[in-house]
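Have a look at the structure below before the remarks.
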Amino acid sequence: MSSVVVLISGRGSNMQALLDAEVPVAAVISNVPGAAGLAIAEKRGVPTRVIPHADYASRESFEDALGLAIDGFSPRLVAFAGFMRVLGPGFVERYRDRMLNIHPSLLPAFPGLNTHERALAEGVKLHGCTVHFVTADLDHGPIVAQAAIAVRRDDTAASLARRVLQQEHVVYPRAVRWFLDGKLVVRRGAVSVKGKDAQLVFDDSP
Ligand code: GRF
């Protein structure tokens with residue numbers, strides 16, 4: 001079955017971009033009750049589940065429940081879209097080679113939070129986002145696609161976030177589609193795509 005389970009914690013704009021691109025989303029699962037993305041998914045007739053991490057005594061028991069919910073939809077791929085939980089080795093192993101994440105920086109620069117603020121503080125001239133396979137190493141893992149934008153003199157964290165997010169919505173559906181089409185080849189930690197599609201999008205519009 002060529003479907004995707006999307007994990008969210010909040011707004012869900014990347015999830016929406018996947019739906020807009022007609023990615024076959026079997027379900028959307030949130031660890032946060034009331035996450036805005038849930039309502040968007042429901043409106044579009046996509047099944048949703050809430051597995052509140054706060055209800056579980058340990059990370060392992062939360063991840064067991066999450067895994068059960070995911071497996072109920074038998075997805076080929078688990079796509080993280082603003083899912084704000086650090087996952088343990090057991091979960092990572094369970095879905096090894098079939099979990100993708102989108103991160104708002106050009107990895108390996110700026111893993112973790114507040115990426116736009118940190119990019120500005122470092123004075124980088126190029127910023128962007130990365131789609132990567134999820135490994136046990138937070139915000140690391142084989143890079144599937146990146147979108148880069150030129151940083152402008154007058155950029156703020158908010159303006160960077162806005163332009164990077166636009167690019168996230170371009171590259172994430174593309175990367176998910178490559179996965180589902182069996183086009184991704186991972187060799188010694190580096191990903192290539194069968195065919196002629198570019199793994200880099202560069203937007204240097206003024
Ligand atoms: C995005 O910036 C994504 O890169 C990061 O979290 C944010 C989620 O936004 N992992 P949304 O919920 O998809 O709108």
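E122 places no side-chain N or O within 3.5 Å of a backbone atom of F110 that could act as its donor or acceptor partner. Judged purely by atom type and a 3.5 angstrom limit, R49 has no side-chain atom pairing as donor or acceptor with the backbone of L66. Using a distance-only test at 3.5 Å, with no hydrogens or angles considered, no donor-acceptor pair links the side chain of S30 to the main chain of P33. Between the side chain of T130 and the backbone N or O of L107, at least one donor-acceptor pair lies under 3.5 Å. With hydrogens and angles ignored, the 3.5 Å screen pairs a side-chain donor or acceptor of Y172 with a backbone N or O of L100. Side chain of T48 to backbone of V28: no donor-acceptor contact under 3.5 angstrom is found. The main-chain N or O of Q146 is never found under 3.5 Å from a side-chain atom of Q167 such that the two would form a donor-acceptor pair. The closest donor-acceptor contact from the side chain of R98 to the backbone of P75 lies under 3.5 Å. Put simply, the side chain of R177 gets close to the backbone of A21: a donor and an acceptor are under 3.5 Å apart.
Interatomic distance, I149 CD1 to K125 NZ, rounded to the nearest 0.5 Å: 13.0 Å. In this structure, NE2 in H169 is found 3.0 Å from OG in S13, a value given to the nearest 0.5 Å. Atom-to-atom distance recorded for L87:CG and L7:CG is 8.0 Å, nearest 0.5 angstrom.
Residues F62 and Y95 share a single hydrophobic cluster, defined by chaining ILVMFWY side chains whose heavy atoms lie under 4.5 Å apart. Linking Ile, Leu, Val, Met, Phe, Trp and Tyr whenever their side-chain heavy atoms come within less than 4.5 Å puts L19 and F179 in one cluster. Residues L165 and I102 do not share a hydrophobic cluster, clusters being chains of Ile/Leu/Val/Met/Phe/Trp/Tyr side chains in contact below 4.5 Å.
Under a 4.0 Å N-O distance rule, the pair R162/D155 does not qualify as a salt bridge.
Within the 4.5 Å cutoff, no side-chain heavy atoms of V176 are placed close to those of V131.
Residues L180 and R76 share a closest heavy-atom pair of O-NH1, 2.9 Å. For the residue pair L106 and A147, the shortest heavy atom distance occurs at CD2-O, 3.6 Å. The shortest heavy-atom contact between G67 and F91 is N-CE1, 4.2 Å. When all heavy atoms of V6 and A81 are compared, the pair lying nearest together is CG1-CB, 3.8 Å. Pairing each heavy atom of M99 with each of L77, the nearest pair is N-CD1, 4.1 Å. Across every non-hydrogen atom of H103 and D139, the tightest pair is CE1-OD2, 3.3 Å.
Classified by interplanar angle (parallel below 30°, tilted 30° to 60°, perpendicular above 60°), the ring pair F80/F83 is perpendicular.
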